[in-house]
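For ligands, and for the atoms within them, numbers begin at 1 and follow the listed sequence. Scope of the values below: all heavy atoms of this structure, side chains included, with no hydrogens, waters or symmetry mates.
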Amino acid sequence: MSLPVAAARPLHVLALGGDGIGPEVTAEALRILRTAIARFALPVTIDEASFGLATWQSRGTLLPPETDAAIERADAILFGAINSLDRAGIAPEERLRGSLLTLRQRLGLFVNLRPIRTEVPLAEVAPYKARTLKGVDMVFIRELSGGVYYGEPRGIEVMPYGQRRGVNTHVYTEDQIVRATRFAFALARGRRGRITSVDKANVMEAGALWRQVVTALHHDEFRDITLDHMLADTCAVMLSRDPARFDVVLTDNLFGDLLSHGAGALAGSLGMLPSASLAPPAPDGRRRALYEPVHGAAPDIAGKGVANPLGAILSVALLLRWSAGAEAAARAIEAAVSAALVAGARSADIALPGEAVLGTMAMGDAVLRQLG
Ligand code: IPM
Ligand code: MG
């Protein structure tokens, strides 16, 4: 399902390191990207821009004008991380302007892919028995444009007698469900041909609609794919009891966030997980996208050079696959990460007690050595 290499003009990549450990892991990801571009002669240009808390501290804005313009130009953004909790002192409008949710909306990103595999050398690190981890290879398709993340009304309001009430709205239109579902089915065709669609149809109307729409689309267009429906709470259990049964997991914005993080333990550490967020292709064939590790800003270890860059590096592989159509380069990066792990490279989050630990840059070096 990857796109053919766009020969007409180069792919513009914009790196936004952002907050916390974002800049550190993005620097390693960029080293890998530059190496892949050189080795595979890829028509890709790279820009870097400042974004986030550090920019706010030095310039009074989370998203300065030149970053704004660079985002407009970019085909693919290589994103580090955002720390939304440490923004309390920033005016609400500026916070909203510089939020990841606004960026996703602006770029029209509608699905978030989160592949989860257990690399064999990390089976001991993951908090599961080796037999449970055998054959784990799934991808979450998280709907990214709707649900409780964007639903209106929302806010904190004061009720009579002064008690406050927080309100959020979980809402999905058929169109939103259809486009994510169609994407997931098409992806399943190139994999093991199985989809698990996850909802809470037993308590939520939006979940009941979700199930109806997925069922209808399966019947009309994708009968060659095996479809299961699963309640989100059951899915949470099955992800630890029998994770190898999952191939493509299709779910909404909030369940996708929660369940993919939970499933991250199967990979040994959240630090291992990459993600790709994609917009629909535009009429001119351009498909905007954002690639980021799933781990987030991790402010407790920021600036120490100890973060695991593999989630960011594997996000570069997704970028090359989905935005550059450079499947061979994507595979080479994934293989280099696997080989580095086989050779014993471990950052702190994936090391067993007593194992030698590499910092962020040294981990990048270990992957670069395998990439040749
Ligand atoms: C994620 C993150 C984001 C989300 C936050 C930073 C808004 O947790 O992508 O998993 O909840 O979507
Ligand atoms: Mg999350």
Side-chain angles (χ1 to χ4, degrees), residues 16-23 25-26 29 51-54 56 62-63 76-88 90 92 94-116 138-151 154 166 168-172 176 180 198 232 235-236 239 249-267 269-279 288-302 307-308 310-312 314-315 318-319 322 349:
L16 297 177
D19 301 336
I21 59 173
V25 297
T26 304
F51 171 78
L53 280 171
W56 185 76
L62 290 163
L63 185 65
I77 294 180
L78 186 61
F79 195 80
I82 191 159
N83 176 353
S84 26
L85 288 178
D86 280 357
R87 296 181 171 202
I90 306 176
E94 179 63 11
R95 238 166 31 208
L96 188 64
R97 212 176 68 81
S99 80
L100 187 53
L101 298 195
T102 303
L103 189 57
R104 286 173 179 164
Q105 218 166 20
R106 170 177 178 180
L107 299 175
L109 308 177
F110 77 107
V111 280
N112 177 228
L113 283 76
R114 296 185 165 180
I116 296 177
M138 71 183 86
V139 56
F140 273 83
I141 300 299
R142 167 189 179 191
E143 200 292 328
L144 202 62
S145 70
V148 76
Y149 276 70
Y150 296 99
R154 65 186 299 156
N168 289 93
T169 304
H170 177 78
V171 53
Y172 266 106
Q176 285 173 319
V198 177
C235 182
L239 280 168
V249 183
L250 165 68
T251 190
D252 74 25
N253 210 342
L254 185 61
F255 294 146
D257 180 37
L258 302 178
L259 294 171
S260 65
H261 280 248
L266 297 163
S269 160
L270 210 51
M272 294 298 300
L273 301 192
S275 84
S277 302
L278 306 177
R288 307 188 84 190
L290 182 145
Y291 300 86
E292 58 175 325
V294 173
H295 52 60
D300 52 326
I301 56 164
N308 181 353
L310 295 183
L314 289 168
S315 298
L318 294 182
L319 184 156
W322 286 95
D349 58 323

Nearest protein heavy atom to [atom], by residue and atom, and its distance?
atom	result
atom 2 (C) of ligand 1	Asp257 OD1, 4.2 Å
atom 7 (C) of ligand 1	Leu101 CD2, 4.2 Å
atom 3 (C) of ligand 1	Arg104 NH2, 3.9 Å
atom 11 (O) of ligand 1	Tyr149 OH, 2.6 Å

Practice item. Nearest 0.5 Å please: distance from the CG atom of Asp19 over to the CG atom of Leu85. Key: 11.0 Å

Study note, to complete from the structure: To the nearest 0.5 Å, atom OG of Ser99 lies from atom CG of Leu63 at 10.0 Å

**Study point:** Protein non-hydrogen atom below 4.0 angstrom of atom 5 (C) of ligand 1 present
**Key:** no

Point to revise | Which segment of His295 sits under 4.0 Å of ligand 1 when only heavy atoms are counted | key: neither

Practice item. Of all N, O or S atoms in Asp257, identify the one at the shortest distance from the Mg ion (ligand 2). Key: OD1

Numbering as shown, the atoms of ligand 1 that approach [X] to under 4.0 Å (heavy-atom distance):
X	value
His261	10 (O)
Arg142	1 (C), 4 (C), 9 (O), 10 (O), 11 (O), 12 (O)
Arg114	1 (C), 9 (O), 10 (O)

Keeping [X] on the side-chain end and [Y] on the backbone end, is there a donor-acceptor pair under 3.5 Å?
X	Y	result
Ser145	Phe110	no
Ser315	Tyr291	no
Glu94	Leu62	yes
Arg114	His261	no

Practice item. Have a look at Leu290 and tell me which of Leu107, Leu144, Leu16 forms a side chain to side chain contact (heavy atoms under 4.5 Å, CB included) with it. Key: Leu107

Check your understanding: Do we see a donor-acceptor contact under 3.5 Å between the side chains of Tyr150 and Asn253?
Key -> no

Check your understanding: Is Val294 in contact with ligand 1, taking contact as a heavy-atom separation below 4.0 Å?
Key -> no

